[in-house]
Amino acid sequence: MATLDELLARAAQRANELKLPYAGAFTPKEAHEVLALASNARLLDVRTQVEWSFVGRIEGALELEFMHYPGMTPNPNFVDSLKGVVTPEDLLLFLCRTGGRSNAAATAATSAGYGKCYNILEGFEGDLNTD
């Protein structure tokens with residue numbers, strides 16, 4: 001297992017390479033390690049209520065919709081809701097189905113002043129298999 005500093009450095013390097021506007025991006029394995037190593041790490045599942053109910057929930061994750069179903073309209077209260085469950089000092093790991101909404105959520109949280117925002121690449125389900 002890598003150290004927390006090593007994991008954060010890898011995530012920051014990815015952010016630099018991918019030109020991400022937030023602190024970094026973790027693989028799912030790295031995110032799992034960070035959650036075990038950092039007491040201030042918070043996993044934010046930004047999928048929809050429908051996805052939590054029908055696809056599955058993640059034990060210990062904070063559930064906060066970034067988009068509303070149906071219609072996938074933006075949640076106008078996302079940042080205000082975020083303020084109610086995390087602090088600016090927390091290490092925030094955002095997760096959605098495939099990584100797109102969590103990318104947008106990490107960007108929105110960074111714009112709102114949260115400096116330790118990370119996207120989990122591949123999301124809850126990973127890339128869809130076309131076979």
Side-chain angles (χ1 to χ4, degrees):
M1 182 185 286
T3 68
L4 180 59
D5 287 340
E6 290 169 336
L7 293 165
L8 294 173
R10 278 187 223 155
Q13 182 178 350
R14 276 189 203 104
N16 187 47
E17 290 168 1
L18 298 171
K19 297 180 178 23
L20 301 175
Y22 43 84
F26 294 117
T27 66
K29 181 179 185 287
E30 290 169 342
H32 186 264
E33 292 177 16
V34 168
L35 289 165
L37 291 170
S39 62
N40 68 331
R42 304 289 177 261
L43 177 60
L44 289 119
D45 185 343
V46 298
R47 295 176 298 144
T48 65
Q49 177 69 44
V50 171
E51 289 170 301
W52 300 324
S53 297
F54 293 104
V55 178
R57 289 185 143 87
I58 303 166
E59 186 176 330
L62 301 168
E63 297 173 343
L64 183 58
E65 287 183 307
F66 187 72
M67 306 285 280
H68 292 301
Y69 180 87
M72 299 309 284
T73 57
N75 175 358
N77 301 314
F78 177 76
V79 171
D80 287 337
S81 297
L82 189 63
K83 291 175 184 176
V85 294
V86 299
T87 70
E89 292 77 35
D90 289 334
L91 193 96
L92 307 179
L93 285 72
F94 292 91
L95 176 81
C96 68
R97 185 173 63 83
T98 60
R101 282 172 285 168
S102 55
N103 174 66
T107 299
T110 298
S111 294
Y114 293 87
K116 300 175 188 173
C117 297
Y118 297 84
N119 187 22
I120 299 175
L121 302 169
E122 303 172 33
F124 186 85
E125 295 181 18
D127 290 334
L128 298 178
N129 187 343
T130 58
D131 295 335

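All values below were derived from every heavy atom in this structure, side-chain atoms included, with hydrogens, water molecules and symmetry-related copies excluded. All residue numbers in this chain count up from 1 along the given sequence.
Connection of Leu62 to Tyr118 is not established within any shared hydrophobic cluster, with ILVMFWY side chains joined at heavy-atom distances below 4.5 Å, either directly or through further cluster members. In terms of hydrophobic clustering, with Ile, Leu, Val, Met, Phe, Trp and Tyr side chains grouped at heavy-atom distances under 4.5 Å, Leu92 and Tyr22 are assigned to different clusters. There is a path of hydrophobic side-chain contacts, each under 4.5 Å, that joins Leu8 to Leu95. Val50 and Leu44 end up in the same hydrophobic cluster when Ile, Leu, Val, Met, Phe, Trp and Tyr side chains are linked at under 4.5 Å.
The closest side-chain heavy-atom distance from Glu122 to Ser102 is not below 4.5 Å. Side-chain contact between Phe78 and Val46: present, with at least one pair of heavy atoms (C-beta onward) separated by less than 4.5 Å. A 4.5 Å side-chain heavy-atom check between Ile58 and Leu43 finds at least one atom pair inside the cut-off. By the 4.5 Å heavy-atom criterion applied to side chains, Lys116 and Asn40 are counted as neighbours.
A distance of 5.5 Å separates CE in Met67 from CE in Met72, rounded to the nearest 0.5 Å. For the atom pair Glu6 CD and Arg10 CZ, the distance stands at 6.5 Å (nearest 0.5 Å). Within the model, atoms CG of Leu18 and CD of Gln13 stand 10.0 Å from one another, a figure rounded to the nearest 0.5 Å.
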Hey, can you pull the donor-acceptor pairs under 3.5 Å for the side chains in residues 32-39, sequence neighbours left out?
unit_1	atom_1	unit_2	atom_2	d
Glu33	OE2	Lys29	NZ	2.7

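Put simply, the side chain of Arg47 gets close to the backbone of Gly56: a donor and an acceptor are under 3.5 Å apart. Asn119 places a side-chain N or O within 3.5 Å of a backbone atom of Gly99 that can act as its donor or acceptor partner.
Across all their heavy atoms, Ala25 and Glu30 have their closest contact at O-OE1, 4.3 Å. For the residue pair Gly115 and Ala23, the shortest heavy atom distance occurs at O-CB, 3.8 Å.
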Note to self: Before you tell me yes or no, could you show the steps for Glu51 and Asp45 under side chain to side chain contact (heavy atoms under 4.5 Å, CB included), namely the whole-Å CA-CA distance, both residues' side-chain angles and the distance that decides it to 0.1 Å?
What the structure shows: CA-CA 10 Å; Glu51 289 170 301; Asp45 185 343; over 6 Å; no
Next item on the list: Applying side chain to side chain contact (heavy atoms under 4.5 Å, CB included), run through Val55 and Arg97 and close with a yes or a no.
Entry: CA-CA 10 Å; Val55 178; Arg97 185 173 63 83; over 6 Å; no
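Considering only residues two or more places apart in sequence or on other chains, Ser81 meets the side chain to side chain contact (heavy atoms under 4.5 Å, CB included) condition with Leu64, Asn77. With sequence neighbours excluded, the residues that form a side chain to side chain contact (heavy atoms under 4.5 Å, CB included) with Gln49 are Trp52, Ser53, Arg57, Glu65. Applying the side chain to side chain contact (heavy atoms under 4.5 Å, CB included) rule to Ala109 yields the partners Leu82, Phe94, Tyr114, Cys117; only residues at least two apart in sequence or on another chain are considered. Judged as a side chain to side chain contact (heavy atoms under 4.5 Å, CB included), and not counting sequence neighbours, the contacts of Thr87 are Glu89, Asp90. Under the side-chain hydrogen bond (donor to acceptor under 3.5 Å, both in side chains) criterion, Glu59 pairs with no residue at all, not counting sequence neighbours.
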